[in-house]
Amino acid sequence: MPMQPWFPDAKLGVFIHYGVYAVAGAAESWSFYTGEMTHEQYMKQLDGFTASRYDPDAWAELFARVGAKYAVLTSRHHDGVALWDTDHRNLDVVRNTPASRDLVTGFVDALRARGLKVGLYYSHSDWNHPDYASERHPGPHIVPPNGYSHAEPGKEDPEAWARYLAYRDGQVRELVERFHPDVLWFDGEWERTEEQWRMRDLADLIHKGSPDTILNGRMLSYGDYATPEQGAPLQAPDGPWELCLTINDSWSFRPQDRDFKSVRQLVRYFTETIGMGGNLLLGAGPREDGTIPEEQIERLEGLGAWIARHSDAVYGTVAGLPAGHHYGPSTLSADRRTLYLVCFDAPRDSVSVRGLRNSVRRVTVLGTGTELGHHVTGGLDAVPGVTWIDAPEAADLDDAATVLAVELEGELDLYRGAGRN
């Protein structure tokens, strides 16, 4: 399916991991899988999940205010606890928790009321479903299998696995037909092969019910974009992509995790990502009552304030210069006539651009409008000289990252050769 045009220009999304795991501040689903707590302890969290202060309108207002264009909610994680009123039942917050209501509908409605695109996370896996551990992946696994995820050798049960897939397909069909999400963000794909998941049939089901829904790469061959996780790639994936990243080290609410990234670090992640043509999907983990921790809000707002000051370098841009032309990330206007150079540290003397064949019309500091001098030195035949831009004064520097707008004569024209030999 052709990529929906809104996605490459979205630049920022918010990834909400919300579920019963927030009651004890546990790692989402993984805490019982890896033995951080017993399965019984994990499931007792159902009794404490109230969503008593859940306010999706407040969430959506925050997302819009910080410049995000989409948000993704964990409608059902690997623990199998659905956040909506599903007719294909295993576990859900409507019937199995004191919250006693559908939490997805409010999220979808609140986002759409503010013009934001809606993403719903759904795990292929359900480690609590009685029919799930009835099949085995035939090859090596990313995570060692256990009794929650795989059948013992020789204990496979094809009929049980068919029932599980019918349950999964039924839930996905509900998400598609009720909510028509702009993104379906799948996970858990490593536990089975594409054939075992029947990915082709699942993709057909989704596109029949909601043709404009895009799918992340964890639909394997049927994904529309790549989703590197936690580690910024050094080379951009082929095609559309996003980096999903946590604000601290955890996806879900974990009060003991105080390793929060600073606003400056988030600006670096963000600009390096959009400079390679991707989006940043930044994670936040609400408490069980539905409130987002203040430390996470502060960092979202800090990143959002930087984006607001430099919006011309963010929205309506494409990937900037390849590595080596400028010491930092950059973006390029859609008409390819303005380069936006990101400088993380205060330049001591000047900022250089190498391999630029274009003449430069003007250079200004984005956010203040101050014009900077520039000149070219060197160059021979087909090899252009170096464009030197005067360093901005202290008053023009941004605390997180300064952006210089370089207006070009004509569309960007770069020299990529090895020089005269």
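Here, residue 1 is the first one in the sequence, and each next residue gets the next number.
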Would you find more than 12 non-hydrogen atoms of other residues, nucleotides or ligands less than 6.0 Å from [X] atom [atom1]?
X	atom1	answer
Arg89	CZ	yes
Arg95	CZ	yes
Tyr327	OH	no
Asp238	CG	no
Glu40	CD	no

Are any side-chain N or O atoms of [X] and backbone N or O atoms of [Y], one a donor and one an acceptor, separated by less than 3.5 Å?
X	Y	value
Ser330	Gly320	no
Ser100	Thr97	yes
Arg76	Val81	no
Tyr315	Gly67	yes

Distance from [X] atom [atom1] to [Y] atom [atom2], nearest 0.5 Å?
X	Y	atom1	atom2	value
Asn279	Phe270	CG	CZ	8.5 Å
Gln196	His124	CD	NE2	12.5 Å
Leu73	Leu103	CG	CG	8.0 Å
Met219	Ile206	CE	CD1	4.5 Å
Leu341	Leu332	CG	CG	10.5 Å
Lys69	Arg114	NZ	CZ	13.5 Å

Would you say that Leu404 contacts Val365 through its side chain, given a criterion of any heavy-atom pair below 4.5 Å between the two side chains? yes
Ile247 side chain reached by Leu282 side chain, heavy atoms, under 4.5 Å: yes
The test is side-chain contact (heavy atoms from CB on, under 4.5 Å); show your working for His326 and Cys343 and say whether it passes. CA-CA 9 Å; His326 161 63; Cys343 303; 4.2 Å; yes
Could you check, using the six-membered ring where one of them is a Trp, whether [X] and [Y] have ring centers closer than 6.0 angstrom?
X	Y	result
Trp59	Tyr18	yes
His17	Trp185	no
Tyr167	His129	yes
Tyr148	His39	yes

Can a side-chain donor-acceptor contact be found between [Y] and [X] if the only test is distance below 3.5 angstrom?
X	Y	result
His150	Arg192	yes
Ser252	Glu28	yes
Asp187	Tyr121	yes
Tyr42	Asp79	yes
Thr370	Asp396	yes
Glu191	Tyr132	yes
Ser29	Tyr21	no

For the student: nearest non-hydrogen atoms of Met3 and Asp224, plus distance: CE-O, 3.5 Å
Answer yes when [X] and [Y] have at least one side-chain N-carboxylate O distance shorter than 4.0 Å, and no when they do not.
X	Y	value
Asp182	Arg112	yes
Arg65	Glu301	yes
Glu36	Arg254	yes
Asp85	Arg101	no
Arg287	Glu294	yes
Asp399	Arg264	yes

For Arg258 and Asn248: C-alpha separation, side-chain torsions, deciding distance, then whether side-chain contact (heavy atoms from CB on, under 4.5 Å) applies. CA-CA 7 Å; Arg258 308 298 300 171; Asn248 51 8; over 6 Å; no
